[in-house]
J.: 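My questions all concern the structure below.
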Amino acid sequence: MNLFFPKQKPKANAKDAIVRLRETLQMLEKRENHLQNKIDSELKTAKSNATTNKRAALMALKRKKQYESQIEKIGGSRITIEAQVMAIESANVNLETIKAMESGAEAMKAIHGSMDINKVDDIMDSVRENMDLADEISNAISAPMIGVDLDDDELTAELEELEQEVLDSQLLEVEPPPVIAPNVPTTNLARHTNRILEDEDDELEALKATMA
């Protein structure tokens, strides 16, 4: 039965493929180093036999060329494998990105599935109405509560009277300027005072005589 329906190999995932390719790259690198050592050895042999044994020198150069040809092939294989690794990594990134976007789309679909545009409109209308009501209540609370109507002209006149009273009180509080008496010598002032007193005494005595 297996002859007609061969067993299918399990599909390798991106991670396993990248690991296998990197292991192959390491193996090829080791092979290159080994061949390079052989090339260096054959070149040394050719130099040492260049003048004494030309046949041995030519055989060494021939082997050197063969090793160089193998290194070139390995180098080509490494370039191909490195390109394949980068391609797989890029494809894996794209795959993960698509999966994430698909998961996001499903989540949005599940969220929107429980929503109805008419229901959303009704909710938004209710929100606006409640916001308007809250604004009206706030304005009503913050409005000043005054029990009587006031006349602006009357208030202005009363304010002017208060200002005048304040100005008058400030003027009364101002101290009068100091009176500077003239610089009169003390001796002359005393003599003048005595003369005035004597004149007043004479006038008083004359007045008494007249009355007698």
Side-chain angles (χ1 to χ4, degrees), residues 1-139 142:
M1 191 70 176
N2 291 333
L3 295 176
F4 298 99
F5 300 99
K7 186 178 180 180
Q8 294 181 353
K9 295 181 179 181
K11 295 181 180 179
N13 56 33
K15 183 178 179 180
D16 294 339
I18 291 174
V19 171
R20 181 66 181 276
L21 290 172
R22 292 193 183 280
E23 291 175 351
T24 303
L25 284 174
Q26 292 178 357
M27 182 267 293
L28 292 176
E29 184 177 359
K30 292 179 180 179
R31 180 62 178 171
E32 278 185 342
N33 293 332
H34 176 70
L35 292 173
Q36 186 62 48
N37 291 332
K38 287 185 172 295
I39 289 172
D40 295 339
S41 177
E42 296 298 339
L43 181 60
K44 184 178 180 181
T45 301
K47 287 181 178 180
S48 63
N49 294 293
T51 56
T52 58
N53 190 347
K54 292 185 178 180
R55 180 178 176 82
L58 289 173
M59 292 298 294
L61 290 176
K62 184 176 181 180
R63 289 190 296 270
K64 172 179 168 294
K65 289 292 183 181
Q66 291 176 347
Y67 295 147
E68 290 175 347
S69 177
Q70 291 182 23
I71 285 182
E72 289 180 0
K73 293 178 181 178
I74 291 174
S77 298
R78 287 186 60 184
I79 293 174
T80 302
I81 292 175
E82 289 173 354
Q84 191 175 12
V85 169
M86 289 188 292
I88 293 174
E89 289 177 344
S90 178
N92 189 48
V93 170
N94 293 336
L95 177 61
E96 294 299 326
T97 303
I98 292 298
K99 288 182 179 179
M101 294 175 66
E102 183 179 5
S103 177
E106 291 178 355
M108 292 180 65
K109 184 177 180 181
I111 293 172
H112 292 159
S114 60
M115 294 184 180
D116 180 75
I117 188 61
N118 295 325
K119 183 178 180 181
V120 173
D121 289 339
D122 294 339
I123 293 173
M124 293 306 299
D125 291 338
S126 177
V127 170
R128 294 189 188 96
E129 291 176 359
N130 283 281
M131 290 179 65
D132 293 339
L133 178 60
D135 190 38
E136 292 177 1
I137 293 173
S138 177
N139 292 333
S142 61

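Keep in mind it's a predicted model, so treat the numbers as computed, not measured.
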J.: Enter the distance from Ile111:CD1 to Glu106:CD here, rounded to the nearest 0.5 Å.
T.: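 Result: 12.0 Å between the selected atoms.
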J.: Test of understanding: with salt bridge (Lys or Arg N to Asp or Glu O under 4.0 Å), list the residues that count as partners of Glu96, not counting sequence neighbours.
T.: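 By the salt bridge (Lys or Arg N to Asp or Glu O under 4.0 Å) rule, Glu96 matches no residue at all.
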J.: Is there a donor-acceptor contact under 3.5 Å from the side chain of Thr97 to the main chain of Val93?
T.: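 Checking the backbone N and O of Val93 against the side chain of Thr97, a donor-acceptor pair under 3.5 Å is found.
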J.: Can you list the residues that meet the salt bridge (Lys or Arg N to Asp or Glu O under 4.0 Å) rule with Glu89, with sequence neighbours excluded?
T.: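 Scan of Glu89 (salt bridge (Lys or Arg N to Asp or Glu O under 4.0 Å), adjacent residues dropped) gives Arg22.
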J.: Return the CG to CG distance between Asn53 and Leu58, rounded to the nearest 0.5 Å.
T.: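 It is 9.0 Å, given to the nearest 0.5 Å.
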J.: Mind checking what makes salt bridge (Lys or Arg N to Asp or Glu O under 4.0 Å) contact with Asp135, not counting sequence neighbours?
T.: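 Testing Asp135 for salt bridge (Lys or Arg N to Asp or Glu O under 4.0 Å), a comparison that skips the adjacent residues, returns none.
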J.: Under 3.5 Å, which donor-acceptor pairs do the side chains of residues 70-83 form with other protein atoms, sequence neighbours left out?
T.:
residue: Gln70; atom: OE1; partner: Arg31; partner atom: NH2; Å: 3.3
residue: Ser77; atom: OG; partner: Lys73; partner atom: O; Å: 3.1
residue: Arg78; atom: NH1; partner: Glu32; partner atom: OE1; Å: 2.6
residue: Thr80; atom: OG1; partner: Gly76; partner atom: O; Å: 3.0

J.: Under the side-chain contact (heavy atoms from CB on, under 4.5 Å) rule, what do Val19 and Asp16 come out as? Steps first, then yes or no, please.
T.: CA-CA 5 Å; Val19 171; Asp16 294 339; 5.6 Å; no
J.: CG/Asp122 to CE/Met124 distance, rounded to the nearest 0.5 angstrom?
T.: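 Output value for this atom pair is 11.5 Å.
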J.: Give every donor-acceptor pair under 3.5 Å between a side-chain atom in residues 38-46 and any protein atom, sequence neighbours left out.
T.:
residue: Asp40; atom: OD1; partner: Gln36; partner atom: NE2; Å: 3.2
residue: Glu42; atom: OE1; partner: Arg63; partner atom: NE; Å: 3.1
residue: Glu42; atom: OE1; partner: Arg63; partner atom: NH2; Å: 3.0
residue: Glu42; atom: OE2; partner: Arg63; partner atom: NE; Å: 3.0
residue: Thr45; atom: OG1; partner: Ser41; partner atom: O; Å: 3.1

J.: Arg20: what forms a salt bridge (Lys or Arg N to Asp or Glu O under 4.0 Å) with it, not counting sequence neighbours?
T.: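 For Arg20, no residue satisfies salt bridge (Lys or Arg N to Asp or Glu O under 4.0 Å) once neighbours in sequence are set aside.
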J.: Rounded to the nearest 0.5 Å, how far does CG of Leu25 lie from NZ of Lys30?
T.: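 Going from the NZ atom of Lys30 to the CG atom of Leu25 covers 12.5 Å.
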J.: Working to the nearest 0.5 Å, report the span between CD of Gln66 and CG of Leu35.
T.: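 Result: 11.0 Å between the selected atoms.
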J.: Would you name the heavy atoms of Asn49 and Ala57 that are closest together and state the gap between them?
T.: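 Closest heavy-atom pair between Asn49 and Ala57: O-CB, 3.6 Å.
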